[in-house]
Amino acid sequence: MERLSETDSLFFHRSDALQTLIRTEKLSKIYPNGTFANKSVDFSVLEGEIHGLVGENGAGKTTLMKMLYGEEQPSAGRILIDEKPVSLASEFAAIKAGIGMVHQHFMLVPSLTAAENLVLGKEPKRARTRTFDVEAAARITEELSARYNLPVIARARVADLSVSMRQKLEILKALYRGARILILDEPTAVLTPQETEELFVELKALKQQGKTIIFISHKLKEIFQLCDRVTVMRDGRLIASHRVADVDIHQISNEMVGREVRFEITRPSMAPGERVLDVRGLAFVDDFAIPKLKNVSFSLRKNEILGVVGVDGNGQSELVEIITGTQKALAGTVRVHGVDITNRPPSVIRRSGIAHIAEDRMTVGTALPASIEQNLLADRYWSRQFSTKGGFLKRREMSAYSGTLVREYDIRCNSAHQPVASLSGGNMQKVVIAREFTANASILIIAQPTRGVDIGAIEYIHSKIMEMRSAGKAILLVSSDLQEVMGLSDSLVVMHQGEIVAYFPDASRVTDKELGLYMLGLKRQSEDEIRKVLHE
Amino acid sequence: MINFILGVVTSANYWFIVLRSTAPILLVTLGAVITAQAGIMNMALEGSMLWAALVGVIASSATGNAWIGLLAGVGVSVLVALVLGFFALKLDANAVLSGVALNLVATGGTVFVLFSLTGDKGISSSLPSKVLPALTIPLVKDIPWIGKVISGQNIIVYIAALSVVFVDFILRRFTIGRRIRATGENIEAAKAAGIDPVRIKFFALIVSGVLAGLAGCFLSMGYTSNFTSGIAAGRGYVANAAQVVAGGTAVGSIFAAMLFGLMDAMATYLQNIGLMPELIQALPYAVTILGFVVVTFVRDRREAERKRRLFASSTMKKENVGGM
């Protein structure tokens, strides 16, 4: 904490116009389950700055922000705005105190228009009848949108807006409620590089207009691009706050994990083998009648990692769901070693040799209340190894086996019998990986393997994926983390609006800027170039 | 048989009964609509109606005033809705199970109270209860045929018609309607906007309580002039199905309730010609459930069709990738 006051006072001397707008004093949070999420945190944000908040998953960032937004109540300590202690008993109280939050999952009602969403909770009414004033709502939205230079279509239903426009609408919503402090929770996770740059320009403009912004991110590069100051959290403690100009990326990452982080991924060169997975002409339409996949075709080879790049929601999830059998294709075929497995149940698909690291480990990847052991054995407990002919489970074999996996995959837990729900994101993911990588599959479908996972675990997961490649697996890797997918993949396909719009046989020879053009649909390769991904 | 039915459906008297039978189911369907839109299923509508029907009769016979009876009936109905809200929203119990429990309490409880007061377990005819007045509408009553259908109905029938406008206004014109829809559609978004979803759901429950109360009182103080055990006859349950047929809108409720009313009125006639009464009485319920199934089926089919068309048009527009 010594360091914080140092940097703070330094900062005051250099630009004495800036004052502390919001700060916490010895703020602590213990959850009912005993998790000590925040330990005596002294966090302070200056008026009119963009303040980055970084830390691994489970570092306590989200808890701290939830307390600032009134969603959680502190167990000890207090929050001061303009040096006056405030009680933020609810979101409503936080809004009144001038704090606005843009959540990672947008808080919008799809069937209402942008304008109706904007004014929700604080609606304009017709003077005489006291009924909802649709025109005024649209006018307010258009005015705010122009004033803060955040373009949205006021009269369009939110369901029809793009993700980046929904995000702008969320920011406007907070501003409409009089927010002086905007908290943005990993806002760039859903954006393309171009959209991210656009957002940064807009955020800097908001700063010019006197708004204070707290920017939460996993991506240190973004912190250095955008923020004035940065606060690092680890294990529920505030490690340090710095002026961004005074530190470099390595110091911050050291503080985040408490050790030096290796960013490079080592990859031995390897020639791909024969085709094992053939996807041809896949089509899918979602519940809202939006075509999510249109004629998607590609092949996957042994010893190959094929990366799927695209802005979230351009069909990647649906592609994975259809291949792994949790969703039914409208048209097209999926073949494993020449055997048609299209629209077969997941059990059949798994037996054909496909393993699946699901995008959402909380709902698909694991059964949260079940134990680590039960999750590890979920796809094999019925085998002769673990159950007798009479249908009894061999408890001793099971616990010996799960113990081995826990050690081998470095799952940090007290016992293999504790529920998966009690693990951190990274360790939960290791449970999934331990099961799927030992499932004897020839094909691995991996979606968002490191989303919300701390840096230490990311490194480990990446090395495991590379091991699998060397072991002769064919790997389809879907990730919205460009750095990750570009670093791991041998070759890349780009998806845009349910189609493959580009194929790069050599992932190392393409830049993220160029991928961005394809991701946004500004560029598209010729049929012949894309067709090469069929390897026919 | 065909001739008999043709004769019935062209008579003004039949349509008079249709409106009368539609009114209670319409009221309670509106109640189901507004709670469903707020994201809570009011399964206790049946219980609300039963208690309203009984308390209306008791209060009107005690005071000699039908209006006080109505007020008391509606009051107790709202109370049932509030108890459901307390269980489901404050104590976090399952709303459907709590509703069913309240209905079971109402089924037995109303009979118990009736028996304690009158010594009769079936009917309240020994109580000198009052009946809500019927209205004759000037001018309209002189229009041939139509006058006979529309004029002279019980006042609750007209209130039911006005309730459609009332609920429609709440849902579409007033800010509370947007808040109700926001709460039902994305509760987190509502919370983030500073809306208290518990208050919104309580509001919806209270409105549904009033509507179910009006329906219940009508059954014992207009439709008939006594409370009989089980007088709600499952209308509160059917309302939740009718709500789906109504597509979650006030105006749609007219059609859903009308479907029930048409069959209910027809059943009255068919009983008279000696068809199996038990079977005939099941007709309005069967038809509503059938409507529920058909509406859901048609909706799904349409959705699938829309998807197929959209997909076809999107693949025709562009030349596509792949080896097909």
Side-chain angles (χ1 to χ4, degrees), chain A residues 69 71 90-92 94-96 101 103 105-112 116-117 119-125 129-133 170 173 177 278-287 289-291 294-299 330-332 497-501 503 525 527 530-531 533-534 536, chain B residues 36-39 165-200 247-249 296 299-324:
Chain A
Y69 193 58
E71 287 175 86
S90 65
E91 285 114 315
F92 198 64
I95 292 168
K96 269 193 164 170
M101 176 110 170
H103 289 84
H105 308 283
F106 297 146
M107 299 293 179
L108 298 169
V109 184
S111 77
L112 297 182
E116 286 170 336
N117 267 284
V119 301
L120 190 66
K122 196 183 166 197
E123 299 88 347
K125 292 173 189 161
T129 54
R130 308 297 299 155
T131 51
F132 185 86
D133 194 339
E170 282 276 41
K173 237 172 89 179
R177 285 165 178 75
D278 297 303
V279 172
R280 294 292 181 269
L282 226 48
F284 178 71
V285 177
D286 76 2
D287 288 341
I290 298 163
K294 309 169 200 166
N295 202 0
V296 169
S297 303
F298 66 88
S299 288
L330 197 67
Q497 294 189 345
E499 294 178 274
I500 292 178
V501 294
Y503 170 57
Q525 285 181 347
E527 287 304 288
I530 298 168
R531 196 177 275 273
V533 73
L534 304 181
E536 278 172 337
Chain B
Q37 289 289 300
V165 181
F166 172 67
V167 171
D168 187 59
F169 255 69
I170 289 183
L171 285 177
R172 301 202 310 143
R173 294 294 164 84
F174 289 110
T175 52
I176 185 100
R178 298 251 179 340
R179 294 180 180 193
I180 286 173
R181 282 165 61 194
T183 304
E185 205 175 316
N186 184 349
I187 191 162
E188 293 304 322
K191 274 196 223 162
I195 294 170
D196 182 353
V198 171
R199 271 172 64 175
I200 295 292
T249 66
T296 317
R299 237 177 244 165
D300 286 357
R301 279 290 291 274
R302 239 188 240 157
E303 192 64 15
E305 185 51 39
R306 198 164 71 104
K307 277 185 187 178
R308 227 164 275 137
R309 266 205 315 272
L310 244 154
F311 180 72
S313 68
S314 72
T315 44
M316 274 200 329
K317 254 189 297 188
K318 283 185 199 160
E319 265 305 303
N320 276 285
V321 191
M324 296 303 284

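Lettering follows sequence order; numbering is per chain, from 1.
Side chains of B:K191 and A:E71 form no contact here, defined as non-hydrogen atoms less than 4.5 Å apart. Contact check for B:T183 versus B:I195: side-chain heavy atoms found under the 4.5 Å cut-off.
For chain B, the nearby part of A:R177 is the side chain; its heavy atoms alone come within less than 4.5 Å. Proximity to chain B is limited to the backbone of A:L108, based on heavy atoms less than 4.5 angstrom apart. In this structure, the portion of A:K122 lying under 4.5 Å from any heavy atom of chain B is its backbone and not its side chain. Looking at A:F298, there are no atoms closer than 4.5 Å to chain B (heavy atoms on both sides), in backbone or side chain.
In this structure a side-chain-to-backbone donor-acceptor pair under 3.5 Å is present from A:E170 to A:M107.
A salt bridge links A:E536 to A:R280: at least one charged side-chain nitrogen sits closer than 4.0 Å to a carboxylate oxygen.
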